[in-house]
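To start, the structure under review is shown below, and the notes come after it.
What's counted below: heavy atoms across the whole structure, side chains too, no hydrogens, waters or symmetry copies.
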Amino acid sequence: MSLLDYLGEGGDLQFLYLGKIGMEHIKFIEKLRWRKVLKPSALRPPYLDTPDAEEKQKRLNKGLSVLDLVHDAQ
């Protein structure tokens, strides 16, 4: 599974900030979070707190291609 596939299926970007994990471990991390074995990451990249971050996450969760990302960056 690619990162864009994961986000396009509604995946939460926050799970990737819990530590050095691979995409193949996301389901396991989600289960541990659900069971409250893992806590949310104490550190968040500052860009996640910008006004448009939530809207960007929603767009990613609807599914974007690499070309969509390039277009957004311009």
Side-chain angles (χ1 to χ4, degrees):
M1 171 183 283
S2 76
L3 176 59
L4 289 179
D5 291 337
Y6 168 71
L7 293 172
E9 293 173 4
D12 188 346
L13 192 61
Q14 296 294 317
F15 288 125
L16 300 174
Y17 290 103
L18 290 172
K20 293 184 179 191
I21 60 169
M23 293 299 301
E24 65 272 14
H25 301 119
I26 293 289
K27 294 292 182 195
F28 182 66
I29 297 298
E30 288 173 342
K31 288 178 185 176
L32 290 175
R33 285 282 309 277
W34 182 79
R35 293 179 181 175
K36 305 210 186 298
V37 173
L38 291 178
K39 296 179 183 178
S41 175
L43 301 174
R44 286 175 46 99
Y47 67 82
L48 289 178
D49 295 324
T50 61
D52 60 336
E54 186 175 340
E55 182 59 36
K56 287 180 180 179
Q57 177 73 39
K58 287 178 184 177
R59 289 191 62 231
L60 285 167
N61 290 148
K62 289 180 181 176
L64 293 177
S65 71
V66 173
L67 293 176
D68 294 327
L69 293 174
V70 171
H71 183 307
D72 283 353
Q74 295 176 349

With sequence neighbours left out, write down each residue that passes side chain to side chain contact (heavy atoms under 4.5 Å, CB included) with Glu54, or none if nothing qualifies. Lys58
Those residues that, when tested against Lys36, pass side chain to side chain contact (heavy atoms under 4.5 Å, CB included) (two or more places apart): none
For [X], check side-chain hydrogen bond (donor to acceptor under 3.5 Å, both in side chains) against everything at least two apart and list the hits.
X	answer
Asn61	Gln57
Lys56	Asp52
Asp49	Arg44

To the nearest 0.5 Å, what is the distance between OG1 (Thr50) and CD (Glu55)?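 Separation between the atoms: 11.5 Å.
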Note, Trp34 side chain near Ile29 side chain (heavy atom, < 4.5 Å): no
